[in-house]
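Read the structure below first, then the notes.
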Amino acid sequence: KQLPLCFTEIGYVSDDGFDQTLAQIGAHNFIWAEGTSVRDQAEWLEEALLRSCRSGQVKLFIVWNVDFESYGEDPQAGYAIFRPNEKCPSCETLSRAVGTLRNEGCMR
């Protein structure tokens, strides 16, 4: 029997919207994400949600994170879908994905 998957922390870090880059704040373990825009973050979260639900193997999908503000060596705010300017591009794409998945009968 297959066990369902649960994604408890799915997210994409981006320094987009912050005054300093990941390198400038000393987040050396996250340098790989430099150049990731909030638009990338939004599109990738949407795609991950669509694929997860449609796979029939994922029962839980939790976005990491919504509104953290800590931005230093461990740049949690870089994962936040609400950005420093209080805009949330991921809110649009995730809302669209949920609507699509509900219409397909994937989400209840």
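The first residue of the sequence shown is numbered 1, and numbering continues consecutively from there.
- Between atom OG of residue S52 and atom CG of residue L5 there is a gap of 8.0 Å, rounded to the nearest 0.5 Å.
- Follow the hydrophobic side-chain contacts under 4.5 Å out from L49 and you reach Y12 in the same cluster.
- With E92 contributing its side chain and P89 its backbone, the two residues share no donor-acceptor pair below 3.5 Å.
- Annotation for R54: atom CZ counts as buried by contact number, over 12 foreign heavy atoms lying within 6.0 Å.
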Discussion item. Between T36 and W44, is the side-chain contact (heavy atoms from CB on, under 4.5 Å) condition met? List the steps.
Written reply: CA-CA 10 Å; T36 298; W44 296 345; 3.6 Å; yes

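- The main-chain N or O of I81 is never found under 3.5 Å from a side-chain atom of S90 such that the two would form a donor-acceptor pair.
- Formation of a donor-acceptor pair under 3.5 Å by the T93 side chain with backbone atoms of E43 is not found in this model.
- In this structure, the separation between OG on S55 and CG on L50 is 11.0 Å, given to the nearest 0.5 Å.
- For Q20, the CD atom sits in a packed shell: over 12 heavy atoms of surrounding residues, nucleotides or ligands are nearer than 6.0 Å.
- Other residues, nucleotides and ligands contribute at most 12 non-hydrogen atoms within 6.0 Å of the CG atom of D19.
- L101 and I10 end up in the same hydrophobic cluster when Ile, Leu, Val, Met, Phe, Trp and Tyr side chains are linked at under 4.5 Å.
- Judged purely by atom type and a 3.5 angstrom limit, R83 uses its side chain to pair as donor or acceptor with the backbone of D16.
- Under a 3.5 Å cut-off, the side chain of Q41 and the backbone N or O of Y79 do form a donor-acceptor pair.
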Discussion item. Is there a side chain to side chain donor-acceptor pair (under 3.5 Å) between T100 and N103? Walk through the geometry before answering.
Written reply: CA-CA 5 Å; T100 298; N103 287 338; 5.9 Å; no

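- Between the side chain of E34 and the main chain of A23, a donor-acceptor pair closer than 3.5 Å is present.
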